[in-house]
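So you know, we letter chains A, B, ... as the sequences are listed, proteins then strands, and number each from 1.
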2 protein chains.
Amino acid sequence: MARVYNFGAGPAIMPLDVLQEAQADLVDFKGSGMSVMEMSHRGKEYDAIHNEAIANLRELMGLNDDYAILFIQGGASLQFAMLPMNFLGEGQTADYVNAGSWGAAAVKQARMIGNVNIAADCQKDIPTRMPDAGEMKWTPGAAYSHLTTNETISGAQFKSIPETGSPLVGDMSSDILSRPLDYTKFTMIYAGAQKNLGPSGVAMVAIRKDFAGKGSISIPTMLRYQTHIENNSLYNTPPCFSIYMLCLTTRWLKKNGMQKIFQTNRDKAQLIYDVIDASGFYRGTAKKEYRSDMNVTFRLPTEELETLFIKQASEAGMKQLKGHRSVGGIRASIYNAFPAAGVKALVDFMKDFEKRNG
Amino acid sequence: MARVYNFGAGPAIMPLDVLQEAQADLVDFKGSGMSVMEMSHRGKEYDAIHNEAIANLRELMGLNDDYAILFIQGGASLQFAMLPMNFLGEGQTADYVNAGSWGAAAVKQARMIGNVNIAADCQKDIPTRMPDAGEMKWTPGAAYSHLTTNETISGAQFKSIPETGSPLVGDMSSDILSRPLDYTKFTMIYAGAQKNLGPSGVAMVAIRKDFAGKGSISIPTMLRYQTHIENNSLYNTPPCFSIYMLCLTTRWLKKNGMQKIFQTNRDKAQLIYDVIDASGFYRGTAKKEYRSDMNVTFRLPTEELETLFIKQASEAGMKQLKGHRSVGGIRASIYNAFPAAGVKALVDFMKDFEKRNG
């Protein structure tokens with residue numbers, strides 16, 4: 001079997017070990033006579049998977065029992081709405097950092113619910129970037145503050161987490177568990193699983209229980225964090241198979257260890273950034289101090305060359321290098337599970353392509 | 001491999017063929033070099049799966065282009081809220097039939113949003129049942145009317161679909177595509193996939209486009225049906241693998257044909273009901289004319305005997321026969337994919353158990 005190098009931004013490449021284990025157990029899970037997909041979500045086999053997934057996430061993020069770890073459907077996009085529905089009441093203000101397409105998407109949903117202060121706005125800046133520390137203006141007594149730790153489309157990433165003075169909420173969909181981090185700086189973290197945690201179909205939410213307890217009680221049951229806390233994410237049938245794959249993926253993360261995962265991620269990204277910096281041909285899209293380790297974005301001298309680059313890379317087994325349709329250019333998404341050999345193949349290809357076309 | 005007979009109410013047994021095909025393709029889908037779980041939801045491989053799933057559902061339900069077929073996360077439980085959020089405005093009334101736990105759950109969410117008229121209430125009746133035709137009182141000019149076509153817990157099922165005089169919405173989670181039906185009687189149909197359509201993690205929504213167009217525009221983007229229609233359920237990353245499994249399951253349904261599926265379902269259910277009716281030992285829970293072909297519910301003379309029945313059946317490879325925790329008793333869920341041989345095994349066991357304990 002020839003695995004391609006899948007540089008897609010999400011759904012993204014998964015660890016081969018994890019896929020192979022899921023394949024072996026797909027029809028008959030550990031001699032149970034049924035697939036994980038057929039199991040009752042209230043039975044003991046699934047219960048063990050569900051609770052291991054929670055325990056693994058808790059351990060990897062270093063969060064104690066003050067936090068609940070939840071599985072909610074609808075992706076980060078539904079979190080954009082649930083967050084203000086729960087916590088942005090009348091007469092309150094929430095601070096949002098608007099530093100890219102995903103930050104802007106979160107802002108748009110919050111504005112439908114309540115009053116939003118834009119703490120900093122660099123969404124349209126080129127080179128793409130995150131705001132500097134002194135640039136962000138926080139509202140005293142804000143209901144919460146929100147930031148997107150890594151902007152998947154622009155390729156910019158917060159390298160340190162700012163102090164905001166109010167409960168901090170992070171959309172970490174595209175860099176969750178890619179680096180050691182003091183996750184307790186956040187009151188709430190959410191992440192669609194389909195980049196660093198598993199397949200699509202489930203979002204992980206880590207939330208301080210005391211914060212969740214203050215959420216609105218006049219919104220539909222399924223949209224209250226408190227509902228999912230009280231029912232250990234089993235209020236209704238969860239996306240069992242997606243959570244099972246997340247469980248296997250977090251097991252793989254634990255086996256590797258966050259320090260090794262981070263070092264590998266740093267090394268992979270640096271290899272590509274080094275080629276960019278040594279070249280007059282490739283131009284990095286993001287400001288150097290905010291370059292993402294997850295999504296490396298760059299341009300070529302012309303759009304015609306970009307099209308050729310994507311085509312020839314694809315023919316050489318390097319897939320999905322096309323930048324997001326809203327911005328163009330090239331994007332190499334190299335999440336935790338992306339193999340170092342694939343990055344090596346890409347940088348070799350980049351050097352050769354420059355030689356042939358530069 | 002020994003497959004168990006899984007009588008679970010959902011997540012439920014899936015066709016073995018479907019599971020085996022998914023297993024074969026799990027790591028490398030049709031030579032693409034990646035798993036379905038790793039594919040971009042905007043790429044051509046996934047696109048073909050997504051659109052085939054929609055086309056299969058459309059064909060099986062016999063719905064033309066006046067209807068959109070959508071995939072939405074959050075299960076039927078989120079539909080309980082989305083429906084009134086979209087369509088139950090101020091000064092309007094929605095009619096709800098309250099004939100079981102799931103009907104009641106839908107009512108509860110609608111009441112948080114707007115004014116509800118209970119068209120008929122037989123939720124607590126024993127024997128369990130659906131309301132009779134003359135019993136339901138519809139509101140002239142109602143925003144919509146809602147019913148649960150099959151109550152999974154009580155084991156009662158509508159055998160014909162009432163005329164309600166307003167746009168009819170059906171929660172068909174537990175009997176979707178189990179029988180030929182004039183689906184055009186409904187303005188909207190929703191169903192969690194994990195009983196008759198595939199695994200958990202996705203709900204199917206079929207909705208008339210003209211009705212959807214009248215939905216509220218002041219609710220969050222992800223909660224508007226119109227959003228999902230305009231984006232062919234690709235507004236954000238969909239639950240790709242669940243939709244893939246639904247695609248394979250609908251392919252299996254098409255191969256069998258609705259008429260054969262229905263006849264098999266009828267025959268399976270009748271086998272169990274015949275044993276019940278011939279016995280003074282087993283008592284059916286539902287009124288005869290409303291007995292469900294999907295969830296056969298019955299009691300034994302004592303709770304002790306029920307516990308013993310469940311235990312011995314489980315030892316004989318017949319799993320999850322325990323009634324819902326809210327009502328007790330025995331429940332045999334025998335959805336489309338449940339094999340006739342499993343029903344035969346159950347009725348043999350029932351007869352033998354009665355002989356030994358009657």
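Listed for the B:Glu151 side chain is a donor-acceptor partner under 3.5 Å among the backbone atoms of B:Gly103.
Contact of B:Ser40 with chain A is made through backbone and side chain together, with heavy-atom distances under 4.5 Å. For chain A, the nearby part of B:Met245 is the side chain; its heavy atoms alone come within less than 4.5 Å. Heavy atoms of B:Ala105 lying under 4.5 Å from chain A are absent altogether. Neither the backbone nor the side chain of B:Ile72 has a heavy atom closer than 4.5 Å to any heavy atom of chain A. With a 4.5 angstrom heavy-atom cutoff, B:Pro84 does not touch chain A via any of its atoms.
With no hydrogens or angles considered, a side-chain donor-acceptor pair links B:Thr221 and A:Gln109 at under 3.5 Å. In the model, A:Tyr335 has no side-chain atom that pairs as donor or acceptor with a side-chain atom of A:Asp175 under 3.5 Å. There is a side-chain donor-acceptor pair under 3.5 Å between B:Thr237 and A:Gln194.
In terms of heavy-atom pairs under 4.5 Å with chain B, the best-connected choice from A:Met82, A:Lys108, A:Gln320, A:Met85 is A:Gln320. Highest contact tally toward chain A, considering only B:Ile113, B:Asp25, B:Asn6, B:Val202, is held by B:Asn6 [criterion: heavy-atom pairs under 4.5 Å]. Of the listed residues B:Gly31, B:Ala12, B:Ala81, B:Gly8, the one with more heavy-atom pairs under 4.5 angstrom with chain A than any other is B:Ala12. Between chain A and the residues B:Pro11, B:Pro239, B:Gly201, B:Ala9, the most heavy-atom pairs under 4.5 angstrom are made by B:Pro11. Ranked by heavy-atom pairs shorter than 4.5 Å toward chain A, the options B:Pro199, B:Ser200, B:Ser218, B:Ala22 are led by B:Ser200. Heavy-atom pairs under 4.5 Å with chain A peak, among B:Ser32, B:Gly43, B:Gly75, B:Gly74, at B:Gly74.
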I'd like to know whether A:Asn236 forms a side-chain contact (heavy atoms from CB on, under 4.5 Å) with B:Phe80, so could you lay out the CA-CA distance, the side-chain angles of the two residues, the decisive distance to 0.1 Å, and finally the verdict.
CA-CA 12 Å; A:Asn236 72 331; B:Phe80 296 161; over 6 Å; no
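Crowding of A:Glu90 atom CD: a count of heavy atoms from other residues, nucleotides or ligands under 6.0 Å not exceeding 12.
When the options A:Asn232, A:Val205, A:Ile243 are evaluated for a side chain to side chain contact (heavy atoms under 4.5 Å, CB included) with A:Phe71, the one that passes is A:Ile243.
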